[in-house]
Amino acid sequence: MKQIKVRFAPSPTGPLHIGGARSALFNYLFARNRQGKMVLRIEDTDLERSSPEYEREIIESLSWLGIDWDEGIDVGGENGPYRQTERLDTYQRYVDRLLRSGHAYHCFCTEEELARERQALLEKGEIVAYSGKCRDLSPEERDRKLRQGLVPTVRFKVVPGEEIVVHDLVRGTVTFDSSEIGDFIIVKSDGIPTYNFAVVVDDHEMGITHVIRAEEHLSNTPRQLLIYRALGFEIPEFAHISLILGKDRQKMSKRHGATSIMQYRESGYLPEAVFNFLALLGWSPEGEQEIMERDEIIGKFSLSRVAKNPAVFDLDKLNWLNAQHIKRKSMKELGELVRPYLESSPYWHRVEQMDQATYEVLIEAVRERIVCLVDVVKEVETFLAPPQYDADTLSKLEKPEVRGMLKGFLEHLPEQLDLEQARTFMKGLPKALQLPAKQVYMPIRLGLTGSPQGPELPYLLVVMGVPEVRQRLGRFI
RNA sequence: GGCCCCAUGGUCAAGUGGUUAAGACACCGCCCUUUCACGGCGGUAACUGGGGUUCGAAUCCCCAUGGGGUCACCA
């Protein structure tokens, strides 16, 4: 059987966002599941908007997610270069071929007049397509315009009245009428090919067998099919996956808040959680299992289980998945992951002073409570920030019986204790003080942090340290 | 507006002619617990509508409706 080869071909005109990442992911999963190859190609033919910074960010985002590729930018390969602006001579060869075979022609219409015509058609509610004005220019006319210094575009000639059939792995058979497609531009006046042309040439040259991309490209496909045919290329399989929508059910875009992959990284989402979440958006595994690691997903992935309907991005579920993946981390791993966030905390100097054992107690205390890694910053404040007491809390703490209890607590409190000892100590405390549990624990908590909620008391004692416990409670005695 | 795609709870989503129509997130309740959270148990909640086809439709067909995409010298 022929080896499968897919590609992800972003244009570096912005950061990698959720939708793009999902396209990349599905390509990756498909390739890895079928022992195929993955290509990363940069489609930078939009000179105005492309930038090397975005290209770098996209690559970094993919790498962070754990998506890698066998051929392409950064890793090279036998079909390079993998940046479209570096492949202009290749496109030129095929343009010449189309020009010679009569499949394409030079067009001298200006952008202004085209925009006017398009607007008029749109208003009349007619099919918006190029008029074909320059289609039958005589060689003499063409040469004259060229001599006048007019810079032409190259258009692909579309024969109307023809049925164009797209066979799509997720959508089935989709039929288009060529009459709805006007002659379209394949080379811009700056000599750079357009997407519809370059994508066909590259996919062919690079031996792509499966084109997996977002549904917004479906209506481009008939144009590309025409080019495949004119050039005599073998047609790959297509799979158009449905879009990811925002809460407002519109295509995901910058308007929807955090949308770039890097933003998720910065907020402390784990790459394996984002990977897991994205895989579940538009695809579902056969079993019931939802929390999965990369290799499990690769093993289960198949295009036949990709849904046709668009999916709304659900942050709640991502959050839940992230918390689940955090719980799967070992203390040691989590301690490392969380450190950069703690470094930005105003209490970092305190954390820095902790010995390894105390640090791990801190991590353990916080582990079940955080959804994103950044949440540690807030959590750590419970332990280290100077407590704030509101009036209500103060009135509770200043009762005489509470004062007596706290006094007893401090008298019994050892000077030094680890987590196990703290647990035992706290457990036995009500008995030692001869008080019911509810009269003991909550006042201590309030006195220590000013808040009725937070990690279990033994954690508080260990992380805070006995001296600070004494100091915080001292004012209530 | 033309063309194209899509349509199961608030969201993700299983389901491919016969099911009490799964499961997950979110929400609500109970339990666990020295608090909150975690966790456990339970609950509310869906086949867009109308026609067909069929002994029988969430599943097949048609129409309507709704949502989305696309109509660039952007990809």
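Residue numbering restarts at 1 for every chain, and letters A, B, ... go by the order of the sequence lines.
Separation of the P atoms belonging to C62(B) and C5(B) is 11 Å when rounded to the nearest angstrom. Comparing the C1' positions of C3(B) and A14(B) gives an interatomic distance of 32 Å, to the nearest angstrom. U53(B) sits 33 Å from C12(B) when the C1' atoms are compared, rounded to a whole Å. Taking atom C1' on both nucleotides, A26(B) is separated from U44(B) by 12 Å, rounded to a whole Å. A57(B) and G51(B) have their P atoms separated by 12 Å, given to the nearest Å. When the P atom is used for both G29(B) and U20(B), the distance is 32 Å, rounded to whole Å. If you take atom P in A24(B) and the same atom in G40(B), they sit 10 Å apart, rounded to whole Å. With P as the reference atom, C31(B) and C36(B) are 12 Å apart, rounded to whole Å.
With no hydrogens or angles considered, a side-chain donor-acceptor pair links Asn196(A) and Gln224(A) at under 3.5 Å. Neither side chain, Thr449(A) nor Ser451(A), offers a donor N or O lying under 3.5 Å from an acceptor on the other.
Comparing Lys247(A) and Glu286(A) against RNA chain B, the residue whose closest nucleotide sits nearer the 5' end is Lys247(A).
Aromatic pair Tyr389(A)/Phe476(A): centroids less than 6.0 angstrom apart. For His217(A) and Tyr195(A), the ring centers sit closer than 6.0 Å to each other. Annotation: Phe184(A) is not in aromatic contact with Phe197(A) [ring centroid separation under 6.0 Å not met]. Side-chain rings of Phe156(A) and Tyr130(A) stay apart, their centers remaining 6.0 Å or farther from each other. Phe233(A) and Tyr94(A) have their aromatic ring centers within a separation under 6.0 angstrom.
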Nucleic acid footprint by protein, nucleotides 20-34 of chain B - heavy-atom cut-off 4.0 Å, B for base, S for sugar-phosphate alone: --BBBBS-------B
Spell out protein contact along nucleotides 60-75 of chain B as letters: B when the base is contacted, S when just the sugar-phosphate is, - when no protein heavy atom is under 4.0 Å; keep the 5' to 3' order. --------BSSSSBBB
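The side chain of Gln324(A) places an N or O atom within less than 4.0 Å of a non-bridging phosphate oxygen (OP1 or OP2) of G39(B). Taking side-chain N and O atoms only, Arg22(A) has no distance below 4.0 Å to OP1 or OP2 of C12(B).
In this structure, C41(B) and G29(B) make a Watson-Crick or G-U wobble pair, each of the two defining distances being under 3.5 angstrom. For G1(B), the paired base is C71(B) (Watson-Crick or G-U wobble, both distances below 3.5 Å). Across all strands shown, C63(B) is found opposite G49(B) as a Watson-Crick or G-U wobble partner, with both distances under 3.5 Å. In this entry U11(B) has A24(B) as its Watson-Crick or G-U wobble partner, both defining distances falling under 3.5 Å.
For Gln148(A), the CD atom is densely surrounded, since the number of other residues' heavy atoms within 6.0 Å is greater than 12.
Across all strands shown, Gly182(A) has no heavy atoms under 4.0 Å from either base or sugar-phosphate atoms. The residue Phe184(A) sits apart from the nucleic acid: no heavy atom pair falls under 4.0 Å. Using a 4.0 Å heavy-atom distance criterion, Pro455(A) is classed as a base contact. Contact annotation for Ser242(A): no contact, since no heavy-atom pair falls under 4.0 Å across all strands.
To the nearest angstrom, C1' of G40(B) lies 14 Å from CD of Glu368(A). Atom C1' of nucleotide A37(B) and atom CZ of Phe383(A) are separated by 12 Å, given to the nearest angstrom. Taking atom CZ of residue Arg213(A) and atom C1' of nucleotide C4(B), one finds them 14 Å apart after rounding to whole Å. In this structure, the CG atom of Leu448(A) is 13 Å from the C1' atom of U35(B), given to the nearest Å. One can place NZ of Lys308(A) at 13 Å from P of U8(B), the figure rounded to the nearest angstrom. U11(B) atom P lies 15 Å from atom CE of Met252(A), rounded to whole Å. Atom P of nucleotide C5(B) and atom CD1 of Ile164(A) are separated by 14 Å, given to the nearest angstrom. We find that CD of Gln289(A) is positioned 16 Å from C1' of A13(B), with the value rounded to whole Å.
Annotation: cation-pi pair Arg423(A)/Tyr459(A) present, NZ/CZ under 6.0 Å from the ring centroid and within 45° of its normal. With Phe301(A) as the aromatic partner, Arg305(A) does not meet the cation-pi criteria of under 6.0 angstrom to the ring centre and within 45 degrees of the ring axis.
When the side-chain contact (heavy atoms from CB on, under 4.5 Å) test is applied to Glu53(A), the partners found at least two apart in sequence or on another chain are Ser51(A), Arg56(A).
Ring geometry, Phe238(A) versus Tyr228(A): the interplanar angle exceeds 60°, so the pair is classed perpendicular (tilted spans 30 to 60°).
Put simply, the side chain of Arg369(A) and the base of C36(B) share a donor and an acceptor less than 3.5 Å apart.
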